[in-house]
Amino acid sequence: MAVFALMVPESACIPVPSEATLLFSGFAVSQHLMSFWLAVVAATAGNVLGSVIAYGIGGAGLVGRIPAAGRLLARHEQMLGQHALRAVFVARLLPLARTFVSLPAGARRVPLGPFIAVTAAGCALWAVAFVLVGDAAGTTWSSVSSVIGQVTAVVALALLAVWIVRRLRRQS
């Protein structure tokens, strides 16, 4: 299924916009081309598989071999702290963070079973929300998708700007 296939890379740190995939899935639901629950289960399963792949990459230490990525990973590992599972769950509900949280979780060796459980819960909520919006939007899904994509881009750019400003402050 296409929903599953598109959600795997998104959670394996390849930037495929899950928002557009899920909104289109909601549109397909509104047109009776697929069931609501099939869309949610396919999206969640794809997210979980992609997240386990990224978790494995983080756990293998492959990201740490890239200097800039290693520093970023170290900072995110600290953010996981004592509340790693809660942090993973919350990150699953946030654009951009949801894609990359598996790397530090794997590097930090968050227990795999609970990691999968909170990942599935957070991804299911994300999928339900966006499939519902796509279903409600019906034929206007493309304009809704465009707005969500723009909001995601603005959030990503804001996070990048904050990171650059902090880096410049540290260097001075």
Side-chain angles (χ1 to χ4, degrees), residues 1-60 62-63 69 76 80 84-107 110-160:
M1 169 173 261
V3 176
F4 175 84
L6 288 169
M7 297 306 274
V8 172
E10 188 265 343
S11 286
C13 302
I14 299 171
V16 175
S18 64
E19 299 88 350
T21 300
L22 294 171
L23 289 170
F24 184 74
S25 298
F27 170 73
V29 168
S30 77
Q31 300 301 304
H32 308 291
L33 300 173
M34 76 171 55
S35 77
F36 174 82
W37 291 112
L38 177 62
V40 170
V41 168
T44 301
N47 275 152
V48 169
L49 177 59
S51 296
V52 169
I53 291 168
Y55 177 97
I57 291 168
L62 300 176
V63 177
H76 288 292
L80 286 176
L85 293 173
R86 186 180 312 158
V88 168
F89 178 77
V90 169
R92 295 291 175 209
L93 304 174
L94 301 172
L96 198 60
R98 63 178 274 99
T99 301
F100 298 103
V101 70
S102 300
L103 295 170
V110 172
L112 186 59
F115 169 81
I116 289 172
V118 298
T119 292
C123 291
L125 287 173
W126 181 263
V128 164
F130 279 91
V131 171
L132 281 173
V133 170
D135 184 18
T139 57
T140 61
W141 83 271
S142 60
S143 58
V144 172
S145 173
S146 175
V147 170
I148 297 294
Q150 291 170 357
V151 168
T152 301
V154 167
V155 169
L157 289 173
L159 291 172
L160 179 62

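Predicted, not measured: the structure shown is a model, and the values here were computed from it.
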side-chain contact (heavy atoms from CB on, under 4.5 Å) between Phe36 and Ser25, intermediate numbers included: CA-CA 8 Å; Phe36 174 82; Ser25 298; over 6 Å; no
Residues Thr99 and Glu10: side-chain donor-acceptor under 3.5 angstrom: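 A donor-acceptor contact under 3.5 Å links the two side chains.
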Arg92 versus Ser51, side-chain donor and acceptor atoms under 3.5 Å: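 Note: Ser51 and Arg92 side chains meet the donor-acceptor criterion.
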Non-hydrogen atoms of Val88 and Thr119 that approach each other most closely: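 What the structure gives for the nearest pair is CG1-OG1, 3.7 Å.
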Shortest non-hydrogen separation from Ala43 to Ala127 and the atoms involved: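 In this case the closest contact between Ala43 and Ala127 is CB-CB, 3.9 Å.
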Measuring from atom [atom1] of [X] to atom [atom2] of [Y], what distance do you get when rounded to the nearest 0.5 angstrom?
X     : Y      : atom1 : atom2 : answer
Ile57 : Leu103 : CD1   : CG    : 6.5 Å
Thr44 : Phe4   : OG1   : CZ    : 11.0 Å
Leu22 : Leu132 : CG    : CG    : 10.5 Å
Leu6  : Phe24  : CG    : CZ    : 10.5 Å
Met7  : Cys123 : CE    : SG    : 7.0 Å
Phe27 : Met34  : CZ    : CE    : 11.0 Å

Stepwise side-chain contact (heavy atoms from CB on, under 4.5 Å) check, Val8 with Ile53: CA-CA 9 Å; Val8 172; Ile53 291 168; 4.3 Å; yes
Exam field: side chain Tyr55 to backbone Gly50, donor-acceptor pair closer than 3.5 Å: no
Derivation and outcome, side-chain contact (heavy atoms from CB on, under 4.5 Å), residues Val131 and Val29: CA-CA 8 Å; Val131 171; Val29 168; 4.2 Å; yes
Heavy-atom side-chain contact between Ser18 and Phe130 under 4.5 Å: no
